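Computed from a predicted model, the values in this text were never measured in an experiment. By convention here, the first residue in the shown sequence is residue 1.
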Amino acid sequence: MTDRSSDHDADAAQHESARGAAGQGESAPQGDEAGAAAVARVLATADVRARRHGLDDLRASALQDDSAYLDDRDGDQFDREDRAALRRVRGLSTELEDVTEVEYRQLRLENVVLIGVHPQGGVTDAENSLRELAALAETAGAVVLDGLLQRRPHPDPSTYLGKGKAQELALIVAELGADTVIADTELAPSQRRALEDVVKVKVIDRTAVILDIFSQHATSREGKAQVELAQLEYLLPRLRGWGESMSRQAGGQVGGAGAGMGSRGPGETKMELDRRRIHTRMAKLRRQIKGFAPARQAKRANRDRYAVPSVAIAGYTNAGKSSLLNRITRAGVLVENALFATLDATVRKSSTPDGRPYTLADTVGFVRNLPHQLVEAFRSTLEEVGESDVIVHVVDGAHPDPAGQIATVRDVIGEVGARDIPEIIAFNKADLVDDDARLLLRGLEPTAVFVSARTGEGVDELRQRIAELLPNPDIELDVLIPFERGDLVALLHERGRIVSTDYEEAGTRVRAFVNPQFAAQYAEFAVVGA
């Protein structure tokens, strides 16, 4: 972290110079020049605020500097405009310095300070986790002003940080003008309330930020229901009362302390009524999510009936899963340099180099300390991983902690019962990885494939590896099919593996390997004595 006192003086001087420059331009210009001066003043103020504390080191390494996309790589990105319409704007505040700034205001970014606790020797992991939290906060719509780490064996059971460090945090929040503090863990309700009493601003935890991102990005009915269920499960133990207006006691003498007549109410407090409503809503959402299952099962049964193998793309959030899907299938799935840009499973058709069809499913990304509420709520979506024949595990090769990403994703894969499914490790973003880093990654996973969704490097090798691991037809056929049944010949070419094809007087003789599902319908055409 930087020396805040010197930065503050320097930035204050920059701020005054920017205001002075704007002020000098206000007296002379007329008409269009006055409007241009107002725009310059607003942009100068925003730029000074954005650079105020020089915290470029907190820029999350989970995000890349270049978020551009190409039509020939990612297909038609029709959803990007809708997503960008909700984008918040850096540096704009509700405290206006001039009425002309009203024209340029958009949705205000929250100014946040990040906090974390790490044991002795865990500073590297703690810094990586804090940078990832910064990426989460930016994706949710916030500006990260500062970060604070404390080394101690265990978090304080009262205020998460120690007493002295909590007071230091209060001073930092007051100095920076932050309005939110985000803890890099899941806080107990009592810790959250106690820390808010010290810092005097809103305190939230990592889980709340992830849930907020999911609620912003959910688009399908099932996705919205899953997010709402996770939010309610998170909210239930954290309901808070706000004074006596939330406390409507009832029945007999429970008005308490001799309150006497007029204290007898309906029998429940407001908080108890809220809990009951939440339980009722959660039960309704669970039934609704369960109701989506038959549609997924019908689609999966259709693929099973035609013996179409499935491949699931799994991996850490922002590892490039959607970009890789677009590169292979031209699906046009939304690609964005943000965490959890994809929530709903997307299934597209592809084929192996030898022509065998299979489905390729893009799934929701994972993250360290993924809230258990989300794992439970999105279990139906994660079924695509558990029901697949091959898992393509995409890892961000340019990330500072790829081993941590692999461990996190494999933990979640184990939770959905997919540990026994063949796995291909694909180190994505190979165009950002030098030779030395490739050597280290190769030592981490010797059989991995290096790919780049941007340049196309390694994609053909990945497709070949997928073809090798997909289940092969194992029933050998030698059939003579009449010329009028060309549909059966076409089906063999589409669903089987052709060994040879000969054209005889009675029809087309084909030797092929097929799945058991298709063997029966060719029994009448089998060559006798073959």
Side-chain angles (χ1 to χ4, degrees), residues 1 55-67 114-139 144 147-151 182-186 205-207 209-210 213 313-321 323-324 337-341 363-371 374-375 391-415 423-453:
M1 306 306 167
L55 292 173
D56 292 338
D57 59 324
L58 258 184
R59 172 68 180 176
S61 53
L63 300 180
Q64 274 67 49
D65 294 332
D66 183 9
S67 60
L114 313 180
I115 59 174
V117 171
H118 67 90
Q120 179 76 26
V123 62
T124 302
D125 289 341
E127 288 179 349
N128 284 336
S129 183
L130 206 67
R131 289 189 177 95
E132 185 174 270
L133 182 62
L136 290 168
E138 292 171 10
T139 303
V144 179
L148 190 66
L149 285 173
Q150 182 180 25
R151 187 184 68 200
I182 306 178
D184 191 22
T185 187
E186 184 169 330
D205 56 23
R206 184 187 186 94
T207 302
V209 176
I210 294 175
I213 295 171
I313 301 178
Y316 213 77
T317 181
N318 208 48
K321 299 182 297 298
S323 297
L324 194 58
N337 184 27
L339 304 189
F340 299 115
T363 59
V364 62
F366 307 135
V367 72
R368 70 175 76 191
N369 302 323
L370 186 67
L374 284 173
V375 176
I391 296 175
V392 176
H393 181 171
V394 181
V395 183
D396 184 354
H399 193 273
D401 185 23
Q405 285 196 358
I406 293 173
T408 298
V409 173
R410 282 177 172 168
D411 286 344
V412 181
I413 287 176
E415 289 185 31
E423 176 191 48
I424 302 172
I425 295 289
F427 286 113
N428 194 20
K429 306 180 184 179
D431 53 305
L432 303 178
V433 181
D434 57 26
D435 293 337
D436 293 337
R438 290 193 184 213
L439 190 61
L440 293 174
L441 293 173
R442 182 68 71 187
L444 188 63
E445 290 290 337
T447 61
V449 180
F450 286 90
V451 299
S452 173

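- By the 4.5 Å heavy-atom criterion applied to side chains, Leu441 and Pro402 are counted as neighbours.
- One distance of note links CG of Asp184 with CD of Glu127; it measures 12.0 Å at 0.5 Å rounding.
- Looking at heavy atoms from C-beta onward, Glu132 lies in side-chain contact with Arg206 at the 4.5 angstrom threshold.
- Interatomic distance, Ile313 CD1 to Leu324 CG, rounded to the nearest 0.5 Å: 5.0 Å.
- Looking at Phe427 and Glu445, their side chains come closer than 4.5 Å, going by heavy atoms from C-beta outward.
- Taking both residues in full, the closest heavy atoms of Ser452 and Asp431 are given as OG-OD1, 2.8 Å, listed atom of the first, atom of the second, then distance.
- Rounding to the nearest 0.5 Å places CG of Leu133 at 5.5 Å from CD1 of Ile182.
- Interatomic distance, CG of Asp411 versus CZ of Phe366, reported as 10.5 Å (0.5 Å rounding).
- Remark: Asn318 CG to His399 NE2 distance equals 9.0 Å, nearest 0.5 Å.
- Within a 6.0 Å sphere centred on CZ of Arg151, heavy atoms belonging to other residues, nucleotides or ligands number 12 at most.
- The shortest non-hydrogen separation linking Val394 to Gly320 is CG1-C, 4.4 Å.
- The heavy-atom pair separating Val209 from Ala137 by the smallest distance is CG1-N, 4.1 Å.
- Note that OG1 of Thr207 is 3.5 Å distant from CD of Glu186, once rounded to the nearest 0.5 Å.
- The shortest side-chain heavy-atom distance between Gln405 and Asp401 does not fall under the 4.5 Å cut-off.
- Of the possible donor and acceptor atoms, one in the side chain of Arg442 sits under 3.5 Å from a partner among the backbone N and O of Ala448.
- Contact annotation: the side chain of Val395 never approaches that of Asn428 to less than 4.5 Å [non-hydrogen atoms, C-beta and beyond].
- Using a 4.5 Å heavy-atom cutoff, the side chains of Val367 and Thr408 are not in contact.
- Residues Leu149 and Val117 have side chains not in contact (no heavy-atom distance under 4.5 Å, counting atoms from C-beta outward).
- Of all non-hydrogen atoms in His393 and Gly315, the two that sit nearest each other are CD2-CA, 4.2 Å.
- Closest heavy-atom contact between Leu148 and Leu130: N-CD2, 4.4 Å.
- The closest side-chain heavy-atom distance from Asp125 to His118 is not below 4.5 Å.
- The closest donor-acceptor contact from the side chain of Tyr316 to the backbone of Arg368 lies under 3.5 Å.
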